[in-house]
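Note that this is a predicted model, so its numbers are computed, not measured.
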Amino acid sequence: METKRYHPAILLFGIAKAIKAWIVPLVIVTVFNSADNWWGKYAGYIVLAIILLSIFHDVLKWFFEKYATDDDAFHLYSGIFTKSSRTVPYEKIQNVTKHKKLLHRLLGLSAIKFETGSQEQAVEFQVLRKEEADRLEQLTRQESVPTQEAAEIEEVLDEITAEAPQPKGKDRFIHFKPTKKELIKASFTSLSFLIIPPLLVSFLLKADIFFDWNDVRQYLPLLKVWWISGIGLLILIVLSMLIGMWRILQKYGNYELATDDNNIYIRTGLLDESSFSIRKNRVQGIEIAQPLLHRLLGLAKIKLITTGALDLSDDTEEINSLYPYFPLERAYTLLAEILPEYEVKRNMDKLEPKVLVYRMLQPSIIWLIVTITLFFWRPEVTGVEITWWIVAIVLFCFIELYRYLDFKHTRYLISENFFQIKSGAFTTTMFVTKRNKMIEIARMQNPLQRWLGLATITSINRAKPVLHNKIKDIPAIEAARFYAWFHQRTEDVRKQ
């Protein structure tokens, strides 16, 4: 088994990371530092020494840290002074995430992360040749390594069926790629263009760092000219729209959702490209979320619940979410295409009417704290004293509205093999999982629930962190049925 060093370009990435982390402190202590003490004289050298030590540490790591692969597992060797080794079998890999920053793409390199889904650290390669990354990914897709006898039998069968037409079950089928029209629509739906006004205000508040306001005041009367103000407002609107479109284009311009017989593939990112793949049978559940704006526009966000963290660095986002601007009906259709084994039901059981009364009459700790605080504090806003009882009434109405909407939207369904719940007030979330994907459940009753014949149930699924989904105030009979239903899970496991 041959051990390999990591790609030498990892040193270049280490240098870039060190400079990025310390360039601002270095500029501050060298350019803007006017102190006459010893710190003012030597601060620049200290920061520069830290940068050099960080780079030297990366060089040592490159010399001493290696990896190897065989037919069964990754073998990782690390440590400069204290040596350690780690073996991760391929069968423990739950999903694979690739990421290519702009520098990766310019050099023909890739970062790849193999998530085990357990408490152990993921197997991560920050810099690899694209061919090497593909080779490592392919190793984890092997079902099993055949014995010599099995390999000989398979070879004979291959010769017998060589002339027979081969099915294309392993070919990827692309389910979705956004069009230009869909990207433009998404840029408005995401409200990305609203990022400009707060940035502009923040810049104006700190503008005195870059120039003297006294030099600017002489031009302020020009703002009273209507056409100058109109042109400025138009430029601000156009700039906001263009930046909003660019943000969406950079994230979803290269988006692709595809599947084959066994796997789901997601690719996203224009300059910094990320890709994610997971076996269909490793998906722990589905989450369909509708924030308020999405609900008003009939859109939905779909997230695949997996057992691993799917970001490769602090700069990348999780990419196990599907394109977040699907029309709701299209989202349900797409789920049926990529995960036909998951059945998302539209008709679900509602909560009983007495639950609404029970919830509306519950005291609110938040309302009590805010009301008491305003009664004694009496704060002022722009010189006007806040009338505490008006704020208390408004807050009380808002809390009661929230409780009513949460009651209205809460649904649940316990079917033959699936558990499905929906909850939320302004943002609604539907969670669907299979019985054999749940690792634990909980059933709880407080005294009031016991008196009203209600209960709270919780499902627990593998994820990072472990995912808890709770639904409150369902009938106690249904909670008992859920408890008995889950204990039939052993039958599902045996069938696998």
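- Within 6.0 Å of CZ in Phe56 there are 12 or fewer heavy atoms belonging to other residues, nucleotides or ligands.
- Test Ile460, Thr433, Ile421, Ile305 against Asn469 for side-chain contact (heavy atoms from CB on, under 4.5 Å) and you get one pass: Ile421.
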**Message:** What verdict does the salt bridge (charged side-chain N to carboxylate O under 4.0 Å, His left out) test give for Lys180 and Glu182, after you've listed the backbone C-alpha separation in whole Å, the side-chain angles of each residue and the deciding distance to 0.1 Å?
**Reply:** CA-CA 5 Å; Lys180 294 180 180 178; Glu182 289 171 325; over 6 Å; no

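- Between the side chains of Asp70 and His75, at least one donor N or O lies within less than 3.5 Å of an accepting N or O.
- More than 12 heavy-atom neighbours from other residues, nucleotides or ligands sit within 6.0 angstrom of CH2 on Trp62.
- Put simply, the side chain of Thr140 reaches to within 4.5 Å of the side chain of Val96, judged on heavy atoms.
- Here Phe482 and Tyr412 keep their ring centres 6.0 angstrom or further from each other.
- In this structure the side chain of Ile474 reaches within 4.5 angstrom of the side chain of Leu351, judged on heavy atoms.
- Under the 4.5 Å side-chain criterion, counting only non-hydrogen atoms from C-beta, Phe486 is not in contact with Glu440.
- The residues Lys98 and Asp134 are annotated as salt-bridged, a charged nitrogen and a carboxylate oxygen being separated by less than 4.0 angstrom.
- Side-chain contact between Ile302 and Ile286: present, with at least one pair of heavy atoms (C-beta onward) separated by less than 4.5 Å.
- Shortest non-hydrogen contact noted between Ile338 and Ile264 is O-CD1, 4.3 Å.
- Checked against side-chain hydrogen bond (donor to acceptor under 3.5 Å, both in side chains), Thr427 has no partners two or more places apart in sequence or in another chain.
- Within a 6.0 Å radius of NZ in Lys181, other residues, nucleotides and ligands contribute 12 heavy atoms or fewer.
- One finds a salt bridge joining Arg267 and Glu256 here, because a Lys/Arg side-chain nitrogen approaches an Asp/Glu carboxylate oxygen to under 4.0 Å.
- Scored by the side-chain hydrogen bond (donor to acceptor under 3.5 Å, both in side chains) test, Tyr6 finds no partners at all (sequence neighbours excluded).
- For Ala133 against Ile112, the heavy-atom pair with the smallest separation is O-CD1, 3.7 Å.
- Contact detail for Ser187 and Ile248: the closest heavy-atom pair is CA-CG1, 3.5 Å.
- Residues passing the ring-ring contact (aromatic ring centres under 6.0 Å, His included) test with Phe176 are Tyr323, Phe326, sequence neighbours excluded.
- For the pair Arg86 and Phe74, the cation does not sit on the ring face, since its NZ or CZ is not both under 6.0 Å from the ring centre and inside 45° of the axis.
- Applying the salt bridge (charged side-chain N to carboxylate O under 4.0 Å, His left out) criterion to Arg135, with sequence neighbours excluded, gives Glu132.
- Distance check: Arg5 CZ to Phe63 CZ gives 6.0 Å after rounding to the nearest 0.5 Å.
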**Asked** Tyr483 and Ile441: side chain to side chain contact (heavy atoms under 4.5 Å, CB included), yes or no, with the steps?
**Response** CA-CA 8 Å; Tyr483 194 80; Ile441 64 168; 3.7 Å; yes

**Message:** Would Tyr67 and Phe125 count as a ring pair (Phe, Tyr, Trp, His ring centres under 6.0 Å) here? Give the steps.
**Reply:** CA-CA 10 Å; Tyr67 73 96; Phe125 300 88; 5.1 Å; yes

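- Counting only N and O atoms by type, the side chains of Ser277 and Asn263 include no donor and acceptor under 3.5 Å apart.
- Remark: Thr3 OG1 to Lys66 NZ distance equals 4.5 Å, nearest 0.5 Å.
- Nearest heavy-atom pair, Phe418 versus Lys434, reported as atom, atom and distance to 0.1 Å: CE2-CG, 3.3 Å.
- Gln126 CD: 12 or fewer foreign heavy atoms inside a 6.0 Å radius.
- Taken from OH in Tyr252 to CZ in Arg247, the straight-line distance is 10.5 Å, to the nearest 0.5 Å.
- Using a 4.5 Å cut-off on side-chain heavy atoms (C-beta onward), Val283 and Ile278 make contact.
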**Message:** Would Leu339 and Leu304 count as a side chain to side chain contact (heavy atoms under 4.5 Å, CB included) here? Give the steps.
**Reply:** CA-CA 10 Å; Leu339 286 169; Leu304 304 179; 4.0 Å; yes

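- The stretch residues 325-337 participates, sequence neighbours left out, in these salt bridge (charged side-chain N to carboxylate O under 4.0 Å, His left out) pairs: Glu329-Arg346, Arg330-Glu337.
- Residues Thr458 and His468 bring no donor and acceptor atom of their side chains to less than 3.5 Å of each other.
- Residues satisfying the side-chain hydrogen bond (donor to acceptor under 3.5 Å, both in side chains) criterion with Ser78, sequence neighbours excluded, are Ser84.
- Phe276 contributes atom CZ, which lies 10.0 Å from atom CD of Glu115 (distance to the nearest 0.5 angstrom).
- Atom CZ of Arg105 and atom NZ of Lys100 lie 7.0 Å apart (nearest 0.5 Å).
- For Phe64, there are no ring-ring contact (aromatic ring centres under 6.0 Å, His included) partners two or more places apart in sequence or in a different chain.
- Listed here is the closest heavy atom pair of Ala300 and Leu328: CB-CD1, 3.7 Å.
- In terms of the salt bridge (charged side-chain N to carboxylate O under 4.0 Å, His left out) criterion, Asp58 has no residue partners (sequence neighbours excluded).
- Legend: residues meeting ring-ring contact (aromatic ring centres under 6.0 Å, His included) with His409, ordered by chain and number and at least two apart, are absent.
- For the pair Lys83 and Tyr77, the NZ or CZ position fails the cation-pi test of under 6.0 Å to the six-membered ring centre and within 45 degrees of the ring normal.
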**Request:** Just do the side chain to side chain contact (heavy atoms under 4.5 Å, CB included) check on Phe419 and Met438 with the steps written out, would you?
**Result:** CA-CA 9 Å; Phe419 177 56; Met438 298 163 61; 4.1 Å; yes

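- Residues Lys422 and Thr428 are in side-chain contact: their nearest non-hydrogen atoms beyond the backbone lie under 4.5 Å apart.
- Summarising the local packing, NZ of Lys130 is surrounded by 12 or fewer heavy atoms from other residues, nucleotides or ligands at distances under 6.0 Å.
- Phe13 is linked by a ring-ring contact (aromatic ring centres under 6.0 Å, His included) to His104, counting only residues two or more places apart in sequence or in another chain.
- The line from CD1 of Ile174 to OH of Tyr265 is 12.0 Å long, rounded to the nearest 0.5 Å.
- With 3.5 Å as the limit, one finds no donor-acceptor pair spanning the side chains of Asp71 and Tyr90.
- In this structure, Glu341 places its CD atom where more than 12 heavy-atom neighbours from other residues, nucleotides or ligands lie under 6.0 Å away.
- Not counting sequence neighbours, the partners of Glu131 by the salt bridge (charged side-chain N to carboxylate O under 4.0 Å, His left out) test are Arg129.
- For Arg443, the side-chain hydrogen bond (donor to acceptor under 3.5 Å, both in side chains) criterion is met by no residue, not counting sequence neighbours.
- Of all heavy-atom pairs between Thr87 and Ala73, the closest is CG2-CB, 3.6 Å.
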